Amino acid sequence: MSDAAPLLSVRDLSVGFEGFDGYADVVDGVDLTVEHGEVVTIAGETGCGKSVTTKAITGLLNEPPAHVDGTVEFDGQDLRELPDDERRELNGDRISVIFQNPLSSLNPVFTIGEQLTDTAQFGGDGNTGILGYFRRRFSSTDRSAARERVLELLEEVRMPDPESVMDSYPSELSGGMRQRAIIAQALLNEPDLLIADEPGSALDVTVHDEILSLLEDLIAERDMSILMITHNLGVARRLSDRVYIMYGGRIAETAPTAEIFDAPHHPYTQGLIASIPRLSGESMAGGIGGSVPEYTDPPMGCRFHPRCPYADESCRSSEPADVSFGEQARSACIRHSDGDSGPVPTLQETKRRLSEHEPTPEPAEGNQ
Amino acid sequence: MSGPVLEVQDLKKHFPAEGLFSSDPPAKAVDGVSFSIDEGETLALIGESGSGKSTVAKTIIDIHETTDGLIRFNGQDITDPIRQQLAEMRSEIQLVFQDPTSCLNPRRTIRKSLLVPLKATGVPKSEREERVRQMLERVGLNDEYLYKYPHELSGGQKQRVNIARALAVEPSLLLLDEPTSALDVSVQAKIISLLEDIQTEFDLTYLFITHDLSLVRNFADETAVMYLGEIQEQGPTDRIFEDPQHPYTRSLLSSIPVTSQQEEALKPDSESLDGEVPGARNMPSGCRLHPRCPHATEDCAMRHPDQYDVDDRDVRCIAYEDGADGFERLRAQQPVGSESDGS
């Protein structure tokens, strides 16, 4: 863990889908890194490409109609070059994924104990197919030891009454308990990287809060990097060290958490932060007009320009380059000039403009 | 001056167990809820899933029959409306649902969808087209949208259409059932400011149902926090946010993930609840929160708490039985049971 290279490094990742309406360019040139022990969040609204990005990283989009381009480097190895079985081994052993809907990631016909013990015993075993099945069926690995570990982990995720949960089916558990089971399963093989897609966001606030504090504790106790996805900026602020804000399949801005909330640079980040309802009753800016772009026909130039209160002709004609603000922060907007001396949009000004701004009308939508 | 627009007294809605010979107890979705809303005011009804907040709205508008209690609209009893009343009431009270997509017929153009309520309430044919156009424009959609189908609209635009449709019959009371929870924050903020604008313009009264406390602070005059079919705390919104009393309100407030240090400071000390909301069929005895409450005592399991008046608020917690300093007493006493301080 001492090497300086990041644990996960994604460069120029692009994902597209062949569809009925033409080619949808859903992720376009995403660069991101996760350092050892770092908690990184990708935040954005529905349809900004955040889930697709992680699916491409985990190798779930390797077949048509999806087209993936770019490099995904994990601990020095290019994941996209790895043969399937090696990759599968890596996915079970060193990279774990928590998907959004806990119910659909648990098998309804096996008990929690059976499923989790399987993971503990064979996780990261690249043998699939009938041969793999027999090898596993008659393997000498001790099942009761695996069971012990599952119980330990269920305790660690504060599962109420773990013994009886082991013998329960997923349908018998509440939403919060399922989420805990999923988290336990993801941690069984002590992954180096945990990818979590909206953990617990389908739950009620009070239960969600418990899951978040569980994650907080796990982050503190374990030497693990996390790449988290969320649409809830409050969750991003609570858990992560660094935040990526995505819009329209591109990274709009990234910065350490405190910085992005205190002094956001990109007009989209500013608009987003200004739209969040506040506990303090501070008035919202009135939101960002318009809606997310159609990926089959994305806007020219900057993809945010039809909704941006600062946009002019130059935003349509040229793609914004990343401008860095300090070591870890960068933002892609042509309003930034080089360095931090330029006329950077301010949160106050963006709020004012957003309340007056009318989004430019979208071009006639695809199918009539 | 003229009394409240909507008055609900001890409203109950119990759903009997299914099956002819079933001996299961009924699900008490709403169990003794009372509130009233004055003209032009907004009451927010807050709660987690299963708290009965949507059932309240559906019972008011007679989608569900009331089991017990009284609903008055402009002083008139509409608990079990007769046909004539129902027609009148439907043009005065409108409901906006959570999911903007399932509320619009996918085979009708927006224009057709908007004409339906006008036809139903007997607006003369000559006026209908103009009204549709006006309403669409009022919610920020131009004539282009008249002949579009729902699938051509984004979620926010669909919700605008739903609001336009509710406004078309010129109601005086809108029941808003989580109108923005299916939308992204940047769109949600737009819809909320639209709702604020039309409230002053058309002098509307709102019952705003949501699970998102932070939305309410700016929007509602009064707030009622529901849990398992009962209102646990009710009072002026500012008071509830600045000085929450009921343990449930406090934990709800403290569990919101916020985005600034300033808001962090506003949250009460973290007091997380144990476990999850039990079903409405196996209601806990005594206080409904007691199995999850960090301050519960044996007494809480035995006695059902009344509502107590704690500086201009109603709080349903037995700690307040002996006066308004109930929370101090709660905090002072050692919690019983397995709950230990989070090590």
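Order of the sequence lines sets the chain letters (A, B, ...), proteins ahead of strands, with each chain counted from 1. Please read all numbers here as calculations on a predicted model, not as lab measurements.
For chain A, no part of V216(B) is nearby; none of its heavy atoms comes within less than 4.5 Å. With a 4.5 Å cut-off on non-hydrogen atoms, L273(B) touches chain A through its backbone and its side chain both. Heavy atoms of E45(A) lying under 4.5 Å from chain B belong to its backbone as well as its side chain. Of the two parts of D212(B), only the side chain, counted from C-beta on, holds a non-hydrogen atom closer than 4.5 Å to a non-hydrogen atom of chain A.
The side chain to side chain donor-acceptor pair (under 3.5 Å) check on S280(A) picks up nothing, with sequence neighbours excluded. Residues forming a side chain to side chain donor-acceptor pair (under 3.5 Å) with E178(B) (at least two apart in sequence, or on another chain): S181(B), H211(B). S240(A) meets the side chain to side chain donor-acceptor pair (under 3.5 Å) test with T41(A); sequence neighbours excluded.
There is no side-chain donor-acceptor pair under 3.5 Å between R292(B) and S251(B). Under 3.5 Å, the side chains of R278(A) and T259(B) contain a donor-acceptor pair of N or O atoms.
Taking chain A as the reference chain and counting heavy-atom pairs below 4.5 Å, the highest number among F241(B), Y149(B), Y248(B) is found for F241(B).
Summarising the geometry, atom CD1 belonging to I240(B) is positioned 11.0 Å from atom CZ belonging to R217(B); distances are rounded to the nearest 0.5 Å. For the atom pair CG of L153(B) and CG of L104(B), the computed distance is 8.0 Å after rounding to the nearest 0.5 Å.
Using non-hydrogen atoms only and a strict 4.5 Å limit, the part of residues 227-239 of chain A facing chain B consists of N232(A), L233(A), G234(A), V235(A), R237(A).
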